[in-house]
Amino acid sequence: MQATLLSQLGFLYGEDRADSLCKEVVELFSFNESTEGPPPFSNHWDQNDVWVITYGDSIQREPDPPLQVLKQFLDSHLQGVVSGVHVLPFFPYSSDDGFSVINYAEVNSSLGDWQDIEALARNYSLMADCVINHCSSRSLWFDNFKKGEGIGSDYFFVASPDDDLSQVVRPRTSPLLRETETADGIKHVWCTFSHDQVDLDFRNPKVLMEFLSIIKLYMGRGVRIFRLDAIAFLWKVAGTNSLNLPQTHEVVCLIRTVTEHYRNDTVIITETNIPNRENLSYFGNANEAHVVYNFSLPPLLLHTLLSENCSYLKNWLMSMPPAQYGTTYLNFIASHDGIGLRPAEGLLSDEELSQVVKTIEGFGGKISWRALENGENRPYELNISLFDALKGTHDGEDDFAVERFVCAHSIMLALEGIPAFYIHSLFGTRNDYRRLENTSHNRSINRHQWQWHELESALTEEGIHKAVFERLQFLIKLRRTQRAFHPNATQYTLHINDQVFAFWRQSADRRQSIFALHNISRQPQHISLTQLNLIATNDWFDLISGEDMSDLKGSIELAPYQCCWISN
């Protein structure tokens with residue numbers, strides 16, 4: 001382990017500093033010669049893993065602390081349904097709903113305290129954000145930077161307006177550099193996302209050591225899964241695009257080395273909302289992220305259901321490499337952010353993307369933009385609740401909203417990888433225009449806050465919310481009992497037609513096969529079972545409906561948006 005650390009630290013900071021830095025890391029984590037990591041290519045997950053993504057205050061009930069309310073809801077409604085919970089940044093913050101952290105070592109008092117975090121970790125695999133690229137301009141670190149003394153005074157990335165920054169890839173339209181008055185004069189601080197989110201300078205090893213200390217603190221509070229937020233932008237070099245640089249990948253490798261030797265079942269997830277090939281690079285050679293977000297899935301699946309054509313989705317799925325053991329994908333189709341469009345670049349044409357944007361605007365959604373090198377703006381993200389995004393097709397709204405919505409999640413549950421549900425998807429939450437108006441931030445449209453009694457009523461009274469919640473719970477529980485749905489089980493794309501998205505999964509021991517068929521259109525689809533090559537000596541049935549498939553020369557009819565998981 002120490003030899004690995006020396007190599008990683010030497011690459012980042014030079015061989016002359018590597019030895020002393022390695023000793024610091026070893027001392028911080030109390031490593032010794034007997035310290036061992038997990039065996040290579042260890043899977044820390046199986047088919048039982050289904051995660052929920054939520055803000056700490058997505059469900060509220062005065063006067064109880066929201067984190068306690070969240071745990072009560074999970075315990076009473078989702079025990080045995082989800083295995084893990086990703087609580088989005090729960091720290092004191094100044095903007096961006098938590099992603100502009102003021103103090104990494106505290107829990108936001110409006111949510112609860114560390115005991116509430118530990119209570120969640122006792123019942124669920126807990127994921128927390130390591131907001132590693134930037135922090136709040138209202139943090140003590142940045143105050144010290146402006147004063148020129150104390151911890152943080154040398155933590156921030158400073159550039160010059162005269163530097164060649166023309167190639168820098170931006171996810172926003174705001175100016176990259178923030179002019180800041182300091183005790184040493186005017187300095188221009190790099191701000192990838194906003195001027196309240198000031199970028200940290202990992203060229204300074206003290207910044208790395210600071211974050212290793214923060215990660216150790218979280219592990220001591222029960223966090224097992226770490227989401228490295230906006231990690232692709234971490235290392236900057238003027239004259240480059242400052243995206244996915246080799247040093248960034250090396251930092252991910254180093255964090256994995258340290259954390260998995262401190263606790264063998266730690267999982268590192270990279271959040272890289274970038275084109276597909278670049279996203280996949282964060283697997284490394286099974287030595288970087290354990291898990292990468294399947295960022296191309298949301299825009300491609302949305303396009304599929306809006307256009308009633310799965311050809312692009314099939315082409316993408318065929319091109320996706322199976323994850324090595326010890327790595328896997330995180331499948332999601334909605335999150336606290338919008339539906340990113342960059343991961344669809346090169347997969348969908350400009351015309352297809354423009355049509356999706358137009359339809360989403362017609363369904364009441366908003367569009368966020370990013371700046372290009374030539375000064376033009378390009379659609380970056382669709383801001384809309386997933387239920388509203390799927391309430392129709394390119395032809396407009398229709399009566400298939402619930403069926404289409406459930407179909408989308410059935411596909412997500414069946415695909416290779418770990419499925420993660422944004423908590424509002426479980427309820428079929430709609431666009432929150434009041435919150436959007438109050439904040440003037442597009443992402444607020446999909447960040448509703450439920451009052452406990454209102455949510456309880458919505459989930460028990462007949463209507464969209466109850467229907468969605470019950471049907472998704474059924475599918476999740478069903479998935480968790482199928483070995484062929486292990487995140488690393490074999491997957492093979494099937495070719496039925498462009499209105500039926502289909503693939504085959506097989507368990508590692510080859511004892512179970514599941515043929516997952518999904519009608520992604522408003523028209524019934526007839527499928528001959530001879531197209532599936534079902535083994536004649538096995539008995540086959542649909543896991544979802546229970547229907548027997550004994551006549552292997554017969555056919556089945558899928559109603560609009562019906563899904564079928566045919567298993568032996």
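Just so it is clear, the structure is predicted and the values come from calculations on it, not from any experiment. Residue numbers run from 1 in the order of the sequence given.
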My understanding is that only one of Asp265, Asn488, Thr328 makes a side-chain hydrogen bond (donor to acceptor under 3.5 Å, both in side chains) with Trp45; could you say which? Asn488
Is the ring centre of Phe193 less than 6.0 Å from the ring centre of Phe99? no
Between Phe503 and His518, does the ring centre distance come in under 6.0 Å? yes
Is the Trp316-His303 ring centre distance short of 6.0 angstrom? no
Should the pair Phe469 and Phe73 be assigned to parallel (<30°), tilted (30 to 60°) or perpendicular (>60°) ring geometry? tilted
With a sphere of 6.0 Å drawn around CD of Gln79, does it hold more than 12 non-hydrogen atoms of other residues, nucleotides or ligands? yes
Is any NZ, NE, NH1 or NH2 atom of the basic residue among Arg447 and Asp57 found under 4.0 Å from an Asp or Glu carboxylate oxygen of the other? no
Have Tyr561 and Arg522 got a donor and an acceptor in their side chains that come within less than 3.5 Å? no
Between Asp129 and His86, does any side-chain donor sit less than 3.5 Å from a side-chain acceptor? yes
Side chains of Gln449 and Arg435: is there a donor and an acceptor less than 3.5 Å apart? yes
Assess whether a salt bridge exists between Arg370 and Glu345, defined as any Lys/Arg side-chain N lying under 4.0 Å from an Asp/Glu carboxylate O. yes
So that I can tick it off, tell me whether Glu416 and Arg505 are bridged by a salt bridge, with the cut-off set at under 4.0 angstrom between side-chain N and carboxylate O. no
Between Ser555 and Ile527, is there a side-chain heavy-atom distance shorter than 4.5 Å? no
Would Trp51 and Tyr124 count as a close aromatic pair, with their ring centres under 6.0 Å? no
Which residue pairs pass the salt bridge (Lys or Arg N to Asp or Glu O under 4.0 Å) test when at least one of the two sits in residues 100-123, sequence neighbours left out? Glu118-Arg221
Validation row, ring centre Tyr422 to ring centre His336 under 6.0 Å: no
Give a yes or no on whether a salt bridge exists between Asp49 and Arg480, defined as a side-chain N under 4.0 angstrom from a carboxylate O. no
Flag the pair Lys314 and Asp498 as a salt bridge only when some basic side-chain nitrogen lies within less than 4.0 angstrom of an acidic carboxylate oxygen. yes
Before accepting this row, confirm whether a basic side-chain N of the pair Arg172/Glu381 lies closer than 4.0 Å to the acidic partner's carboxylate O. no
In terms of side-chain geometry, is the basic nitrogen of Asp46 or Arg483 positioned less than 4.0 Å from the acidic oxygen of its partner? no
Looking at Tyr492 versus Phe515, is the centre-to-centre ring distance below 6.0 Å? no
Quick one: does Ser385's side chain get under 4.5 Å of Thr429's, heavy atoms only? no
Quick one about His526 and Glu557 (side-chain donor to acceptor, distance below 3.5 Å, no hydrogens or angles considered), yes or no? yes
How about Phe387 and Phe427: are their ring centres within less than 6.0 Å of each other? no
If you measure from the Lys or Arg side-chain nitrogens to the Asp or Glu carboxylate oxygens, is any gap between Arg430 and Asp432 under 4.0 Å? no
Residues Arg443, Asp337: salt bridge by 4.0 Å N-O rule: yes
If you count the non-hydrogen atoms of other residues, nucleotides and ligands that lie under 6.0 Å from CG in Asp399, is the total more than 12? no
Any donor-acceptor N or O pair under 3.5 Å, side chains Gln197, Ser194: yes
Ring-plane angle category for Phe421 and His409, please: parallel below 30°, perpendicular beyond 60°, tilted otherwise. parallel
